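Heads up: the structure comes next, in structure tokens.
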Amino acid sequence: MTARIAINGYGTIGKRVADAVAAQDDMRVAGVAKTKPDFEAKLAVRKGYPLYAANKEAAAKFEKAGVKSSGTLDDLVKVADLVVDCTPEESGYKALYEKAGVKAIWQGGEEPSLTNLSFNAAANYEECLGATFVRVPSCNTTGLIRTLYPLDAHFGVANALAVMVRRATDPGDSKKGPINAIEPELEMPSHHGPDVQSVLPKLNIHTIAVKVPTTIMHLHIVTVDLKKPATADAVLDVWKRFPRVAFVAGRDGVKSTAQIMEMARDLSRNRSDLYEIAVWRDGVHVLDGKRLFYFQAVHQESDVVPENVDAIRALLEIQKDGRKSMDKTDKSLGIGMVK
Ligand code: NAD
């Protein structure tokens, strides 16, 4: 079966999910839906993705701009087995998908209660098999789960504190800031801690976030009290066995997120994306045998992309084994080259 996948919302995440779907041999892009006939819409057509207007109002804009569409989202859901909803949070398409009887995956901007099931391929693939609706948590949350889940499985996490230094906005966005300030998120915990618990309900985690004037990556400073004693090498060995965790080193000249993105560009992947969470190998420290400290960087535009591909396989039960799905996705996207 080649699953027919619709992508609703073709921005930062949507266009990456579309390309990742197109790179698989067990699914194809049935179409992408957009509100505006902008450059992204025109490029989607050039890539050969059937283009749909999100609604009748958008269809009129498409017509006026001379951009040909194949219909509206109502038409697209009829020729799709599943929709990956990459629209901004609270766009409100759940009722439309329910009416069409189509499965759907949302992104981390939505509340966990929208689907009551959040997805991470390593942590709960099997739990999501055959589900109608799931949500892939945000880039930061996915990043935290990637490294905390293996730690919890191997050593046990008594408690974790993650301080997140967040990028202000994405590189393609010229509207948001801050551009010359550091902005603390005053809510405690930041929404990321409860969001991690939407996948790992028993994990005792607290999160704090600040926004800084950078666009390329987020950086996390994580402190974990482990239940079983460990060394830094033992922690690194555990992460090495899990997919989508990559290692960088200050001693190799990777002093900041700037060099990580330079390394990502050197890997020559699609859009220079870094789907893996980058952990500084020489920034992993264990004090008193049980208190672990580490730094990791998250490429916010792309780390959730492989998770979306695996979520498609889980919901449509194309592959029942999560590890096999992850291996297939990772091979198709070139993940695993930096270990
Ligand atoms: P974006 O603004 O880059 O893209 C959203 C796209 O949806 C745009 O093409 C926009 O024109 C379109 N759109 C807007 N309203 C729409 C509507 N009513 N119907 C159909 N399309 C509509 O946003 P994004 O960064 O790709 O974020 C999408 C989702 O992914 C959000 O839930 C966000 O929280 C989540 N997310 C974003 C990031 C990130 O860093 N950018 C990371 C992980 C998850």
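The structure presented is a predicted model; accordingly, all values stated were derived computationally and were not measured.
Atoms OG1 and CE, from Thr215 and Met261 in turn, are 9.0 Å apart once rounded to the nearest 0.5 Å. Going from atom NZ of Lys211 over to atom CE of Met164 covers 12.5 Å, rounded to the nearest 0.5 Å.
For Asp74, the salt bridge (charged side-chain N to carboxylate O under 4.0 Å, His left out) test picks out no residue, with sequence neighbours left out. For Tyr294, the ring pair (Phe, Tyr, Trp, His ring centres under 6.0 Å) partners at least two apart in sequence or on another chain are Trp239. Partners of Glu127 according to the side chain to side chain donor-acceptor pair (under 3.5 Å) rule, which considers only residues two or more places apart in sequence or in another chain, do not exist here. With sequence neighbours left out, Lys94 forms a side chain to side chain donor-acceptor pair (under 3.5 Å) with no residue at all. Gln319 meets the side chain to side chain donor-acceptor pair (under 3.5 Å) test with no other residue; sequence neighbours excluded. Judged as a salt bridge (charged side-chain N to carboxylate O under 4.0 Å, His left out), and not counting sequence neighbours, the contacts of Lys328 are Asp25.
When the shell of 6.0 Å around CD1 of Ile182 is examined, it contains 12 or fewer heavy atoms from other residues, nucleotides or ligands.
Although no hydrogens or angles enter the test, the distance criterion places no donor-acceptor pair under 3.5 Å between the side chain of Asp195 and the main chain of His191. Side-chain atoms of Glu110 come within 3.5 Å of backbone N or O of Glu90 as a donor-acceptor pair. Counting only distance, with no hydrogens or angles, the side chain of Thr141 and the backbone of Pro137 share no donor-acceptor pair below 3.5 Å. Between the side chain of Asp38 and the main chain of Ala41, a donor-acceptor pair closer than 3.5 Å is present.
Using a 4.5 Å heavy-atom threshold, the side chains of Ile105 and Arg135 count as separate.
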> Would Asp327 and Lys324 satisfy salt bridge (charged side-chain N to carboxylate O under 4.0 Å, His left out), going step by step from the backbone distance to the final call?
Replying inline: CA-CA 5 Å; Asp327 286 349; Lys324 284 189 182 157; over 6 Å; no

>> Working note: Arg271 + Asp19, criterion salt bridge (charged side-chain N to carboxylate O under 4.0 Å, His left out); need CA distance, chi angles, decisive distance, verdict.
In response: CA-CA 10 Å; Arg271 291 192 180 84; Asp19 288 355; 2.9 Å; yes

> When you look at Tyr52 and Thr72, which way does the side chain to side chain contact (heavy atoms under 4.5 Å, CB included) test go after all the steps?
Replying inline: CA-CA 5 Å; Tyr52 291 75; Thr72 62; 5.9 Å; no

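Ionic pairing of Lys176 and Asp173 is present here: one or more N-O contacts between side-chain nitrogen and carboxylate oxygen are shorter than 4.0 angstrom. With respect to the salt-bridge test (charged N to carboxylate O, under 4.0 angstrom), the residues Glu276 and Arg269 qualify. The existence of a salt bridge linking Arg291 and Asp288 is excluded, since no basic side-chain nitrogen approaches an acidic carboxylate oxygen closer than 4.0 Å. Using a 4.0 Å cut-off between charged side-chain N and carboxylate O, Lys227 and Asp152 make no salt bridge.
The closest side-chain donor-acceptor pair between Ser332 and Gln24 falls under 3.5 angstrom.
Clustering of Ile, Leu, Val, Met, Phe, Trp and Tyr side chains at separations under 4.5 Å places Phe293 together with Leu287. Here Val298 is tied into one hydrophobic group with Ile277, each link being a pair of ILVMFWY side chains closer than 4.5 Å.
Among residues at least two apart or in separate chains, there is no ring pair (Phe, Tyr, Trp, His ring centres under 6.0 Å) pair with a member in residues 195-230. Contacts classified as salt bridge (charged side-chain N to carboxylate O under 4.0 Å, His left out) and involving residues 296-318 (residues at least two apart or in different chains) are given here: Arg16-Glu301, Asp26-Arg313, Arg146-Glu307, Arg244-Glu307, Arg244-Asp310, Asp310-Arg313, Glu317-Lys320. For residues 56-71, no pair satisfies side-chain hydrogen bond (donor to acceptor under 3.5 Å, both in side chains), with sequence neighbours left out.
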Determine all donor-acceptor pairs shorter than 3.5 Å in which one atom belongs to a side chain in residues 80-87; sequence neighbours excluded.
from: Asp81; atom 1: OD1; to: Arg4; atom 2: NH2; distance (Å): 3.0
from: Asp81; atom 1: OD2; to: Arg4; atom 2: N; distance (Å): 2.7
from: Asp81; atom 1: OD2; to: Arg4; atom 2: NE; distance (Å): 3.3
from: Asp85; atom 1: OD1; to: Thr87; atom 2: N; distance (Å): 3.0
from: Asp85; atom 1: OD1; to: Thr87; atom 2: OG1; distance (Å): 2.6
from: Asp85; atom 1: OD2; to: Tyr97; atom 2: OH; distance (Å): 2.6
from: Asp85; atom 1: OD2; to: Trp106; atom 2: NE1; distance (Å): 3.4
from: Thr87; atom 1: OG1; to: Ser91; atom 2: OG; distance (Å): 3.1

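Checking Val309, Asn308, Ile312, Val29 one by one against Ile5, the side chain to side chain contact (heavy atoms under 4.5 Å, CB included) holds for a single residue, Ile312.
Shortest non-hydrogen contact noted between Ala311 and Val136 is CB-CG2, 4.3 Å.
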